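Just so you know, ligand 1 is whichever comes first in the structure, and atom 1 is the first atom listed for that ligand. These numbers come from the heavy atoms of this one structure, side chains and all, not from hydrogens, waters or symmetry mates. By convention here, the first residue in the shown sequence is residue 1. Keep in mind it's a predicted model, so treat the numbers as computed, not measured.
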Amino acid sequence: MLRLRSILSLILILVTTFLVSCSSPETTKIPTTYTSEKIAQLQVYVEPIEEIRERMSELRTLIANRKWVDTASLSHGPFGLLRQRMLGLSRNLLPKDQKQAAQLAKEFFAHLERIDAAAKARNSEVAEIQFREALRDFDAFLDLIPKAS
Ligand code: ZN
């Protein structure tokens with residue numbers, strides 16, 4: 001009898017351990033969707049980035065008009081501040097999106113640096129190609145940001 005009881009309690013311990021180990025991944029699961037709260041929080045980062053996105057057409061016009069000094073100063077000044085903001089936003093995305101967002105931000109800045117170099121070399125062709133690439137990466141970055149529905 002005593003033996004049976006100890007076997008039963010051992011079974012009980014095993015069952016409990018099994019249930020706990022099964023249910024714990026559920027509670028610590030990595031989020032794969034954005035809550036509306038999270039989307040609202042992200043707006044703090046998104047708004048200044050979208051403001052800069054609107055200035056991309058300004059940059060396009062400067063390049064088209066071969067205004068190289070202004071092209072260089074725009075790509076350094078307002079766009080220079082963007083780097084930390086884009087990386088800050090990347091870190092606040094879902095784990096599945098973080099890497100891609102950080103990569104797109106990095107790419108965007110690489111193109112911006114090449115625009116700056118092309119402005120110094122007064123090379124319209126390179127500046128225009130790099131501008132298009134920068135725009136594409138910028139928009140791909142913004143596409144990763146969840147929108148409030
Ligand atoms: Zn690129």
Side-chain angles (χ1 to χ4, degrees), residues 10-149:
L10 182 65
I11 289 170
L12 191 66
I13 289 168
L14 287 174
V15 167
T16 310
T17 310
F18 178 71
L19 287 177
V20 167
S21 64
C22 278
S23 62
S24 62
E26 211 58 45
T27 52
T28 58
K29 208 165 70 178
I30 295 166
T32 53
T33 54
Y34 291 97
T35 60
S36 49
E37 264 179 338
K38 180 72 178 173
I39 294 172
Q41 281 171 12
L42 288 175
Q43 287 312 300
V44 179
Y45 295 93
V46 177
E47 273 160 27
I49 294 172
E50 283 178 341
E51 270 168 37
I52 299 285
R53 171 63 183 80
E54 282 161 23
R55 301 195 70 178
M56 283 297 275
S57 59
E58 204 179 310
L59 186 60
R60 188 206 306 263
T61 306
L62 291 174
I63 292 170
N65 293 327
R66 304 175 66 88
K67 303 257 189 212
W68 301 123
V69 175
D70 293 335
T71 296
S73 63
L74 183 59
S75 67
H76 272 282
F79 284 97
L81 292 170
L82 199 55
R83 188 189 296 258
Q84 286 315 312
R85 290 187 174 142
M86 283 174 111
L87 293 174
L89 179 55
S90 302
R91 282 192 291 271
N92 280 279
L93 294 178
L94 292 178
K96 69 181 175 75
D97 295 333
Q98 284 180 10
K99 214 172 162 186
Q100 199 187 351
Q103 182 60 36
L104 285 166
K106 240 174 87 185
E107 278 237 14
F108 173 78
F109 285 102
H111 295 306
L112 214 58
E113 275 161 25
R114 287 181 209 134
I115 289 172
D116 188 44
K120 287 195 180 91
R122 301 171 166 267
N123 188 328
S124 290
E125 198 188 345
V126 171
E128 278 164 17
I129 290 168
Q130 292 302 319
F131 176 84
R132 282 197 295 275
E133 292 279 329
L135 193 64
R136 199 165 59 189
D137 289 332
F138 201 158
D139 286 341
F141 178 88
L142 288 174
D143 281 345
L144 286 173
I145 315 305
K147 310 286 182 295
S149 51

[X], N/O/S atom nearest the Zn ion (ligand 1):
| X | result |
| --- | --- |
| Glu107 | OE1 |
| His111 | NE2 |
| Asp137 | OD2 |

- Can Lys147 and Glu50 be counted as an ion pair, charged N to O under 4.0 angstrom?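 Here Lys147 does not pair with Glu50 in a salt bridge, since their nearest N and O are not under 4.0 Å apart.
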- Message: Between Lys106 and Asp137, does any NZ, NE, NH1 or NH2 come within less than 4.0 Å of an OD or OE carboxylate oxygen?
- Response: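 Looking at Lys106 together with Asp137, the answer is no, because their closest N to O distance does not fall below 4.0 Å.
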- Query: For Gln98 and Leu93, which heavy atoms make the closest approach, and how far apart are they?
  - Reply: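 It is NE2-O, 3.0 Å.
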- Task: Look at Glu133 and state whether any of its N, O or S atoms is less than 2.8 Å from the Zn ion (ligand 1).
- Result: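 No, since none of the N, O or S atoms of Glu133 sits under 2.8 Å from the Zn ion (ligand 1).
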- Query: Are any side-chain N or O atoms of Asn92 and backbone N or O atoms of Gly88, one a donor and one an acceptor, separated by less than 3.5 Å?
  - Reply: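 At least one qualifying donor-acceptor pair exists.
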